[in-house]
Structures are given as C-alpha cells and as structure tokens.
Amino acid sequence: MSVGLVEETPYRWRIERQGAMRVPGVVFASRALLPDLSEEQALGQVVNVATLPGIVEASYAMPDMHWGYGFPIGGVAATDVDHDGVVSPGGVGFDISCGVRLLLADLHIDRLRPRLTALMDALDVTIPRGMRHGAVWRLRRPAELEEILTGGVRYAVAQGHGRDGDLDHCEDRGAVADADPAAVSARARQRGLEQVGSLGSGNHFLEVETVAEVYDEPIARSYGLWPGRVCVMIHTGSRGLGHQICTDFVRTMQAAMHRYGISVPDKQLACAPVSSPEGQAYLAAMAAAANYGRTNRQLLAEATRRAFERVTGDGELALLYDVSHNLAKLETHRSSRLCVHRKGATLALPPGHPDLPDDLRPVGQPVLVPGSMGVGSYVLAGVPDGPAFASACHGAGRRLSRHQAARTTKAARLRAELEAAGIAVRGASARGLTEETPCAYKDLDAVVDACAHAGLARIVARLTPVGVVKG
DNA sequence: ATGTTC
C-alpha cells in the first residue's frame, strides 16, 4: 500500500490529504513497527476513514493497528455532531464493548504457587468459554436481559453479583445512560440471553498474572500494583449480542446512506449522521451492548472471586478498572460535541478527569493492555493532552491472519512451550491455541514503547502470566 | 470477534 507516510516525529507519521480525504491520516508508530503496517491494507483504511462526513483533526491509528472491517483495528476517528458528523458501526467493530478488567488479589505469587494447579483447575470448571458453551448467569426471564441492557453492572451488583465498590471502578460507573433495549433486535436479544458471564473464543481470555516490573512507582502505588502481587485479567466483550447489533446496523445504514447524500469508498464504512434516526438507534443499541459487555466481565469476575475463595480462602479481589477498547462515545473536546470512535483503541482519561473515581482522579485512568497468550500485559495511565482524543493502544496487534497462524503452529508444541515457561493452560482447543500463538502478534514491548513515546499514555507496570484460561 | 457463509 503506497499512501506516502511523512515522518513528523520518530513516533508520529502523517498521510497527507489526497482525493476525497477531509483530514490527514496520522499513524503513531516507531519506524520499526511500520513494515508490519505497510504490508496490509490497513493504511488504506486510515485513508478511507478520513473521507467520512464530519470527521475532525485526523484519522488516527494506534501503534498496534492492523486490518479490520472497514476501519482499521487500532483506529480512532471523531466526527462533529453539530456539523453533519456520522456514526459508523464499522468504527466500533463487531465485538461492541470488547474490553478488559483487572482484579487484584491480596496475595504474593510465592504464596499462590503451591496452590496454582488447584486454582487453575477451579477456574477450569468455573469459567464458561468457547462457542455457545453456557454462561455463569442463567437469566430467569427475558425481562432480566432488558435490565442488563439498561442498567449494566449497576443491575448486576443490585442482584448480588458484585459489590458497590465495583461500580466506581468501571468506565461510565458500569452503565451507559442512553441505552435503549428497544433499539436491539429480537434476534440480538435472543443471542444474548444465554451468554451473560461467558468468555467466548478467539483472543478472549482470563489470565492469572503477577506484577513483574514497575516503571512508575507513584502511579503503581496508587493503583495498588506491587511486585509479585497476583492479579487476574479478563478480556471479553458482548458475544453474539454485540455481533448481531453490528450486523443489523451495517445493513440498515447501507440502505439508508443515499438518503443523506453520503457516499463512502468502502461499503464496510456504512454510516449515518449521528443526529439521524438510524444514527440515534445505533448509538442506543450500541450503548445497550456496552452495558451487556461490562456485565459479562462482572459475572466472570464474580466467578473468579469464588474460585479464589475456595482455593486460597480469600475471594476479596479488588477491581482496579474495567475499560472498553471497542466503542463510540459522545464526548466534548475543545467545546465541540464529538462522536469518538475507538476500535481496538483504549479510552485513556487524563489526571483530573471528572469521570474518574476519587482514588484514580489524581493519577489518571488505568489503561489495560492485554498481550498475546503467554506474553503478559501492561498497565498504562492516561496522560494530560493526549494527541488522539484520550486514546491509547489496546494490545499487541495481529501480524499474521488466524489462518496463517494456525497453519504454521503445532498445538502440542505451543502448549508444551507455555507449560515449560511456568504458564498453566486450561480449556484451550487446539485450533484456538494455534490461532493465538504469540508469533501471530507484534512485539507488545515495542507497541507499548511507541505508545509512550507518542505521548498517548504513560507506562506504569508490566504483568506476567502464570495461568491462562482460553476458549 | 461471530450459532466461524442469511
């Protein structure tokens, strides 16, 4: 893909406006990460996104960007709601509200080691995962699903699935206000009925980890991240419900676009004005899926607490934060009302932001960055004046397709390598394992380093895995 | 990511 990258700084590259682009493209990456990008059509997708009606500043891409549906994964795009700005389901992705939460045990890894096998076995039987394999929460009636879509984690906690303190440490305090279950199709609701509290498959996982290294002592102390502390990272989204909502609205908007005089260079960029009935309905359904996705992670966290309680006698795992990396939000930036699409890009609120709870406000929001299997994860922190609407990277970023990865990897060998590295693996199918081999991903250290140098976020701590549950 | 091609 020859779109012409101009080096602005060693960690920021510009694609000049050309053709129908309304704004330039801006890619945050080191020179070393660029070859991985240019092999794909991902840069062409950055260009395509720059043509969307109402887009402001630039079509941004994070250091972990790669090819996606319409928008690149790792893409950030904001449209001006008051100047014909559009919302696009492809700018959020199929797994609406996919995200991560991090739980902290009051336990040092040395004390867990003798019981690690027992803990992993407990999680093995506790955590539903894979395609269509049940869920923690058996809903008694469809009306309960409506409560989840409207009330999110707030409803889950009120029903006994968690504690009040969990709410403050969820993005949006666990529930987006403008969700409307009526905007969610019957088919989407049907698919969501039996998946509340389930991991799913692909890159979703539950990992028992320990704090391996601290880079920013004061912020790490505020977050409660001390070396050797045991923590649990849960990475999942809105399962079939979010997928169906995306499918429904891509179709709706593809049919409606001509009425608004919108044309896009790729059908997968289907969109509608934020203020249109279609745009409003999508945002209401998307918000419902966001509430569902967070509730899903909440239920898995409760199941994890019960497993810890049984094995270690202490199930009081504290929630550091729960944050999505696939969402569009209505936000005010420099007194403009914007619809900010983050697709494979994590919200990264700066210190002092009013949406943060009291204990996190002084230092900024925890930005949870899951790595590929066996590699571990990072905790970053939001910084003042971030250059992409308070967004940061969301992971290592895929380098090889699932097919390529599965073709070049032997499951038994990979499993043996993980076990040899002291990482207990539970529940992963051979196919799921090979598709998620770390070889299929970029170097997480390089991605996070680029993120920090580009001024998107500050590096706080690195976590290393001791056990992984996969679909 | 996904009842992995309505």
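Chain A is the first sequence line, chain B the second, and so forth, proteins listed ahead of strands; every chain is numbered from 1.
- We find that CD of A/E436 is positioned 14 Å from C1' of B/dT4, with the value rounded to whole Å.
- Between the A/S238 side chain and the A/I96 main chain, a donor and an acceptor come within less than 3.5 Å of each other.
- What separates CE of A/M131 from C1' of B/dT5 is a distance of 13 Å, to the nearest Å.
- Remark: of the listed residues A/M233, A/M373, A/E436, A/M233 is the sole one forming a side chain to side chain contact (heavy atoms under 4.5 Å, CB included) with A/F205.
- The existence of a salt bridge linking A/R413 and A/E417 is confirmed by a sub-4.0 Å separation between a basic side-chain nitrogen and an acidic carboxylate oxygen.
- Among the atoms of the strands shown, base atoms are found under 4.0 Å from some heavy atom of A/R187.
- Taking atom CG on A/D95 and atom C1' on B/dT4, their separation rounds to 14 Å, with Å as the unit.
- Residue contacts for A/Q190: at a heavy-atom cut-off of 4.0 Å it reaches no nucleic acid atom on any strand shown.
- When the C1' atom of B/dT4 is taken as reference, atom CZ of A/R129 falls 19 Å away, rounded to whole Å.
- To the nearest angstrom, P of B/dC6 lies 10 Å from CD of A/Q244.
- Within the 4.0 angstrom heavy-atom criterion, no nucleotide atom of any strand lies near A/G93.
- Between the CG atom in A/L347 and the CD atom in A/E331 there is a gap of 6.5 Å [rounded to 0.5 Å].
- The nearest whole Å value for the distance from the NE2 atom in A/H204 to the C1' atom in B/dT4 is 14 Å.
- Atoms OH (A/Y69) and P (B/dT4) sit 16 Å apart, rounded to a whole Å.
- Residue A/R239 places at least one side-chain N or O under 4.0 Å from the OP1 or OP2 atom of B/dG3.
- Atom CD of A/Q254 and atom P of B/dC6 are 16 Å apart (whole Å).
- If you check every strand for non-hydrogen atoms under 4.0 Å, A/R191 touches a base.
- Between A/T247 and the phosphate of B/dT2, there is no side-chain N or O to OP1/OP2 separation shorter than 4.0 Å.
- Contact annotation for A/G237: no contact, since no heavy-atom pair falls under 4.0 Å across all strands.
- The CD1 atom of A/I262 sits 4.5 Å away from the SG atom of A/C271 when rounded to the nearest 0.5 Å.
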